Amino acid sequence: MLKEFERGSSDVDWCEANYDIVPAIAEFWNTISNFLFIVLPPVLMYLFRPYARQVNASINLIWWMLAVVGVSSAYFHATLSLVGQLLDEIAILWVIIAAWGVWAPRRFFPRFCHESRKSFMLVMLGVGAISTILAFLHPSMNHFLLMPMAIPSVMCMFSELKRCNDCRVIRLGIAAFVWFSLALTCWLNDRLFCHIWESVSFPYLHSGWHIFIAIASFELCVVMAYFEAVTMAPERAPTLKFWPYDRCDLGVPYVSFKFAAAKPIKEC
């Protein structure tokens with residue numbers, strides 16, 4: 001079974017030339033371009049401390065899982081091993097499952113869940129378990145099957161934005177969609193038109209995918225966290241802010257509160 005750990009054991013190979021920069025790293029730029037997934041979670045965990053205490057501590061799980069995505073992706077691109085590929089894809093699968101379980105609006109729950117988030121989370125756990133098994137059975141198709149799973153998340157965000165009156169939140173949601181579109185464009189071009197980009201000596205679009213999808217993912221999570229805060233703690237007047245400079249929409253976005261709460265909110 002150790003052959004699955006061997007370098008190059010994955011059938012997936014991206015456009016960047018292998019071992020072209022550093023002899024020990026298969027795809028150098030595809031590896032280091034995961035830095036945002038690793039750097040941003042500790043910052044967001046710090047900025048979201050009031051949110052975690054007073055609204056939903058599960059948000060820290062999302063940040064940790066996004067960090068795991070970055071580490072797994074870096075390992076995969078550094079080795080191009082089958083184990084690295086599966087770690088990368090399963091990490092992405094479960095962060096999407098977890099985000100839906102934490103933030104999906106109750107009006108989207110299946111009827112048999114009776115608007116119970118605990119029941120919906122159990123459904124999502126079942127979906128995640130089945131998808132994980134299928135990922136092991138057909139690893140060569142995983143990256144094509146994972147992509148459509150992000151589309152409902154974007155559609156859900158736009159559904160919530162239609163109900164929102166905060167221009168800053170709307171701008172952040174639109175920005176997240178733009179970053180997602182750029183990321184998807186990079187992914188498709190690298191995967192389907194590699195020969196064209198090799199001919200112009202720029203086989204690095206998958207690196208752009210990592211950077212753009214990281215920004216889109218974090219911004220989407222912040223937008224959905226804001227909507228949950230508005231639902232769970234409207235009396236605290238949730239507001240969107242940016243760190244380190246809040247006067248313009250640049251920096252790391254996070255959810256803050258104008259008023260303090262007497263005690264943490266517990267969701268049933």
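None of the values given here were measured: they were computed from a predicted structure.
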Going by distance alone, is a donor N or O of one side chain under 3.5 Å from an acceptor N or O of the other, for [X] and [Y]?
X	Y	answer
Trp94	Thr132	yes
Tyr19	Glu27	no
Trp197	Asp190	no
Arg168	Thr239	no

* Heavy-atom check, side chain of Phe112 versus side chain of Val123, under 4.5 Å ->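 Yes, at least one pair of side-chain atoms sits under 4.5 Å.
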* Do the side chains of Pro110 and Phe120 get nearer than 4.5 Å, heavy atoms only? ->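 Yes, at least one pair of side-chain atoms sits under 4.5 Å.
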Side chains of residues 210-218: which donor-acceptor partners sit under 3.5 Å, not counting sequence neighbours?
unit_1, atom_1, unit_2, atom_2, d
His210, ND1, Asn30, O, 3.1
His210, ND1, Ser33, OG, 2.8
His210, NE2, Ser73, OG, 3.4
His210, NE2, His77, NE2, 3.3
His210, NE2, His206, NE2, 3.3
Ser217, OG, Ile213, O, 2.6

* Before accepting this row, confirm whether a basic side-chain N of the pair Lys258/Glu235 lies closer than 4.0 Å to the acidic partner's carboxylate O. =>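 Glu235 and Lys258: not salt-bridged.
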* Asked: Does Asp249 come within less than 4.0 Å of Lys241, counting only side-chain N to carboxylate O?
  ->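 So Asp249 does not pair with Lys241 through a salt bridge.
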* Asked: Just wondering, more than 12 heavy atoms not from Trp29 lying within 6.0 Å of its CH2?
  ->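 12 or below, so no.
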* Asked: Would one find more than 12 heavy atoms of other residues, nucleotides or ligands at under 6.0 Å from atom CZ of Phe193?
  ->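 Result for CZ/Phe193: open.
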Quick one: [atom1] on [X] to [atom2] on [Y], what's the gap to the nearest 0.5 Å?
X	Y	atom1	atom2	value
Tyr75	Leu80	OH	CG	10.5 Å
Leu205	Leu188	CG	CG	10.5 Å
Phe109	Trp100	CZ	CH2	9.5 Å

* Asked: Does the cation-pi check pass for Arg49 over Tyr46, that is, NZ or CZ under 6.0 Å from the six-membered ring centre and within 45° of its axis?
  ->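 Yes.
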* Identify whether NZ of Lys or CZ of Arg in Arg236 sits under 6.0 Å from the centre of the six-membered ring of Phe259 and within 45° of that ring's axis. =>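 That pair does not qualify as a cation-pi contact.
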* Are the side chain of Ser199 and the backbone of Ile196 linked by a donor-acceptor contact shorter than 3.5 Å? ->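 Yes, the answer is positive, given that a donor and an acceptor are paired below the 3.5 Å cut-off.
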* Asked: Ignoring hydrogens and geometry, is there a side-chain-to-backbone donor-acceptor pair from Ser10 to Gln85 under 3.5 Å?
  ->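 Side chain of Ser10 to backbone of Gln85, a donor-acceptor pair under 3.5 Å: no, none is there.
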* Test Trp14 against every option in Trp209, Trp187, Tyr204 by the ring pair (Phe, Tyr, Trp, His ring centres under 6.0 Å) rule and name the one that passes. =>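 When ring pair (Phe, Tyr, Trp, His ring centres under 6.0 Å) is applied between Trp14 and each of Trp209, Trp187, Tyr204, only Trp187 qualifies.
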* State yes or no: do Phe158 and Met149 share one hydrophobic cluster built from I, L, V, M, F, W and Y residues joined by side-chain heavy-atom distances below 4.5 Å, directly or via other members? =>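 Yes, because Phe158 and Met149 connect within a single hydrophobic cluster, where side-chain heavy atoms sit under 4.5 Å apart.
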* **Results of salt bridge (charged side-chain N to carboxylate O under 4.0 Å, His left out) for Arg7 - residues two or more places apart only** =>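 Counting only residues at least two positions away or on another chain, Arg7 forms no salt bridge (charged side-chain N to carboxylate O under 4.0 Å, His left out).
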* Could you list the residues that satisfy salt bridge (charged side-chain N to carboxylate O under 4.0 Å, His left out) with Arg247, not counting sequence neighbours? =>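 Result, salt bridge (charged side-chain N to carboxylate O under 4.0 Å, His left out) vs Arg247: none returned.
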* Does the side-chain hydrogen bond (donor to acceptor under 3.5 Å, both in side chains) test come out yes or no for Tyr226 and Glu160, once each step is laid out? -> CA-CA 10 Å; Tyr226 170 82; Glu160 292 294 283; over 6 Å; no
